[in-house]
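These numbers come from the heavy atoms of this one structure, side chains and all, not from hydrogens, waters or symmetry mates. This one's a predicted model, so the numbers in the text were calculated from it and none came from an experiment.
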Amino acid sequence: ISAQDWKWAEGFGNPVGSSIINGMSKMTNNKIAAIGFFQSDSIQVGNFNLKGSSTSPIVCIFNQNGEYENAISFGGNGDDRPTAIATDQNDNIYVAGNFKSLVFIAGNDTLFNKGESDGFVIKLDKNLNILWAMPIATASQDILSDIKVDKVGNIYFTGVSVKYLNGTTTEGVYLIKIKPDKTIERINQGNSNEYAGYAEVKSIHIDNDNNCYWLGYGYELKFQNGFSTSNSTTDEFGFFIKYSPNGTILSNQTTANMLCSSFDQQYFYVSQLYYDSVDYNNYGVQIIKYDQSLNEIWKKKIKKGSVGGGNT
C-alpha cells in the first residue's frame, strides 16, 4: 500500500481466514480505539497474541505513532462480529455488535443466544477491561448497526429486529437509550408488519445539547408519532428523526434511501440513493446538507452514468 503523505500504516492478519477492522473512535492523547474481527484460532496484533474461534471480535488501542498499546478478543464459538464503537470523555469504550454463538463470553458476563442472531452491547474502560456486557435478544434476529454516548453517559444504540422486542411485535427498526447503570430509559420503534426485514438503520448522532438524530430506511415503517416512510407517489423509504433528551420527536423527514452521514455539530451531510418514481432507469446518488432542525440547505445529485460513463 502506498499513498502521499501517509504518516504510518499498521495492519494485522493471519494466513488463515479473514481479518477486518470495521470501526474506530478517537480517544484522548490522540489515541484511537478500533474494533474488528478475525477468522482463525489466533491472531497477532502488535505484541498481543489473541485467541479466537470461528469469527471472533477484537478491540484494540493504538497511539498517534500507529503502535498497538493494547488488544483483546472475546466471544464464543460461532460467528460473532462487532459493528460499531464509541468513546466517552473518560475514554470508556462502547461496542455494539451481533453474535450467533450459543454462548458468548465477554469479561465476567455470559450471554446466551435466544434466536438466529442476537445483539450485544459492551462497555470497556481505557485499559480494555470489560466492565459489563448486555444482550439485545428477540425470538429471531437482531442486527445492531450503530452506538453513541452523550455527555452525561447515556448510551444510544440502534438496529433491526424481526419478531418482538420487550413484548412488542416489531418487524422494523429500533433506537434504545440506556442509562449509565444499564437500565433501559426508552425504546423508539419503527414497525412494519408487511415487509419483515426490509429495513436498515444507518447511523445515530448526538449534538451538544444531547438531542439524538436517527437515520435509516425501511418500507412503510410506522413510528410512535404517526410519522411513516414511503408511499406510492414518492418511493422515499428513508427516515431522519430528531429526538429531545426525553424522547420527544422535535423534527422528522422522509428522504431517499440512506447510505451514510456525518455531523460536525452544526450541519449534517447525508448521502442517499434516489430513484425516479416513474422511470426506474433514472437513478443515482445525492448528497444533502441539513441544519439541526432537519431543514435542507442544498442538494447535489450524481445521476447514473454521469461519472466516467458508468453506473453510480
Side-chain angles (χ1 to χ4, degrees), residues 12 18-28 31-39 43 45-46 48 50-62 68-101 103-113 117-137 142-150 153-161 174-184 201-206 212:
F12 62 82
S18 299
S19 307
I20 293 175
I21 287 288
N22 61 343
M24 294 184 290
S25 185
K26 188 176 181 180
M27 304 172 70
T28 59
K31 295 182 180 181
I32 298 292
I35 55 170
F37 59 87
F38 63 99
Q39 297 174 317
I43 193 169
V45 181
F48 304 92
L50 307 181
K51 303 300 181 183
S53 186
S54 173
T55 303
S56 300
I58 65 169
V59 181
C60 56
I61 295 175
F62 51 91
Y68 289 104
E69 295 194 348
N70 204 349
I72 64 166
S73 60
F74 49 89
N77 294 322
D79 189 342
D80 308 327
R81 306 184 186 209
T83 55
I85 182 173
T87 52
D88 65 21
Q89 57 190 358
N90 297 316
D91 281 343
N92 293 307
I93 300 167
Y94 304 82
V95 178
N98 313 301
F99 69 100
K100 293 186 177 181
S101 296
V103 178
F104 180 93
I105 299 174
N108 294 323
D109 290 314
T110 301
L111 312 183
F112 298 95
N113 197 317
S117 173
D118 287 349
F120 67 79
V121 176
I122 297 175
K123 180 179 180 180
L124 308 92
D125 67 17
K126 62 183 179 181
N127 298 314
L128 297 190
N129 297 306
I130 295 177
L131 304 179
W132 51 257
M134 64 180 294
I136 307 301
D142 288 271
I143 305 171
L144 300 190
S145 55
D146 200 9
I147 189 168
K148 292 290 189 297
V149 58
D150 66 21
N154 296 306
I155 306 157
Y156 300 76
F157 55 91
T158 186
V160 175
S161 178
Y174 54 81
L175 169 67
I176 299 178
K177 178 182 179 180
I178 62 174
K179 298 178 181 179
D181 63 1
K182 290 198 303 179
T183 58
I184 294 178
V201 180
K202 287 300 184 180
S203 53
I204 311 168
H205 299 287
I206 309 293
C212 178

So does [Y] get a backbone contact from the side chain of [X], meaning a donor-acceptor N/O pair under 3.5 Å?
{"X": "Asp125", "Y": "Asn127", "answer": "yes"}
{"X": "Thr158", "Y": "Tyr174", "answer": "yes"}
{"X": "Thr87", "Y": "Met27", "answer": "no"}
{"X": "Ser25", "Y": "Ile85", "answer": "no"}

Who passes ring pair (Phe, Tyr, Trp, His ring centres under 6.0 Å) against Phe99, sequence neighbours left out? Phe104
For Thr28 and Asp91, test the side chains for any donor-to-acceptor distance below 3.5 angstrom and give the result as yes or no. yes
Under a 4.5 Å cut-off applied to non-hydrogen side-chain atoms, are [X] and [Y] in contact?
{"X": "Lys26", "Y": "Ile32", "answer": "yes"}
{"X": "Val149", "Y": "Asn92", "answer": "no"}
{"X": "Asp118", "Y": "Leu111", "answer": "no"}

Would you compute the distance between atom [atom1] of [X] and atom [atom2] of [Y] and round it to the nearest 0.5 angstrom?
{"X": "Ile61", "Y": "Met24", "atom1": "CD1", "atom2": "CE", "result": "14.0 Å"}
{"X": "Thr55", "Y": "Phe38", "atom1": "OG1", "atom2": "CZ", "result": "9.5 Å"}
{"X": "Asn129", "Y": "Asn108", "atom1": "CG", "atom2": "CG", "result": "10.0 Å"}
{"X": "Ile184", "Y": "Met134", "atom1": "CD1", "atom2": "CE", "result": "5.0 Å"}
{"X": "Phe120", "Y": "Asp142", "atom1": "CZ", "atom2": "CG", "result": "12.5 Å"}

For [X], give me all partners under side chain to side chain contact (heavy atoms under 4.5 Å, CB included), at least two apart in sequence or on another chain.
{"X": "Thr110", "value": "Val103, Ile105, Phe112"}
{"X": "Thr183", "value": "Lys179, Asp181"}
{"X": "Ile130", "value": "Ile72, Phe74, Ala106, Ile122, Leu124"}
{"X": "Asn77", "value": "Ser53"}

side-chain contact (heavy atoms from CB on, under 4.5 Å), that's the test. Do Ile176 and Val121 meet it? Break it down for me. CA-CA 11 Å; Ile176 299 178; Val121 176; over 6 Å; no
What closest approach, in Å, do [X] and [Y] show between heavy atoms, and which atom pair accounts for it?
{"X": "Ala71", "Y": "Val45", "result": "CB-CG1, 4.0 Å"}
{"X": "Ile147", "Y": "Ala96", "result": "CB-CB, 4.0 Å"}
{"X": "Asn22", "Y": "Gly36", "result": "OD1-CA, 3.5 Å"}
{"X": "Val59", "Y": "Leu128", "result": "O-CD1, 3.5 Å"}
{"X": "Ser117", "Y": "Asn98", "result": "OG-CB, 3.8 Å"}
{"X": "Pro180", "Y": "Asn154", "result": "CD-OD1, 3.5 Å"}

Ile204 and Cys212: side-chain contact (heavy atoms from CB on, under 4.5 Å), yes or no, with the steps? CA-CA 7 Å; Ile204 311 168; Cys212 178; 3.4 Å; yes
Who are the salt bridge (Lys or Arg N to Asp or Glu O under 4.0 Å) partners of Lys126, not counting sequence neighbours? none
Go through the structure and list residues passing salt bridge (Lys or Arg N to Asp or Glu O under 4.0 Å) with Lys202, not counting sequence neighbours. Glu200
[X]: which residues meet the side-chain hydrogen bond (donor to acceptor under 3.5 Å, both in side chains) condition with it, sequence neighbours left out?
{"X": "Ser54", "result": "none"}
{"X": "Lys148", "result": "Asp146"}
{"X": "Ser19", "result": "none"}
{"X": "Lys100", "result": "none"}

Strictly by salt bridge (charged side-chain N to carboxylate O under 4.0 Å, His left out), give each pair with a member in residues 80-90 just once, sequence neighbours left out. Asp79-Arg81
Report the C-alpha separation of Cys60 and Phe48 in whole Å, then their side-chain angles, then the decisive distance to 0.1 Å, and conclude whether the side-chain contact (heavy atoms from CB on, under 4.5 Å) test is met. CA-CA 10 Å; Cys60 56; Phe48 304 92; over 6 Å; no
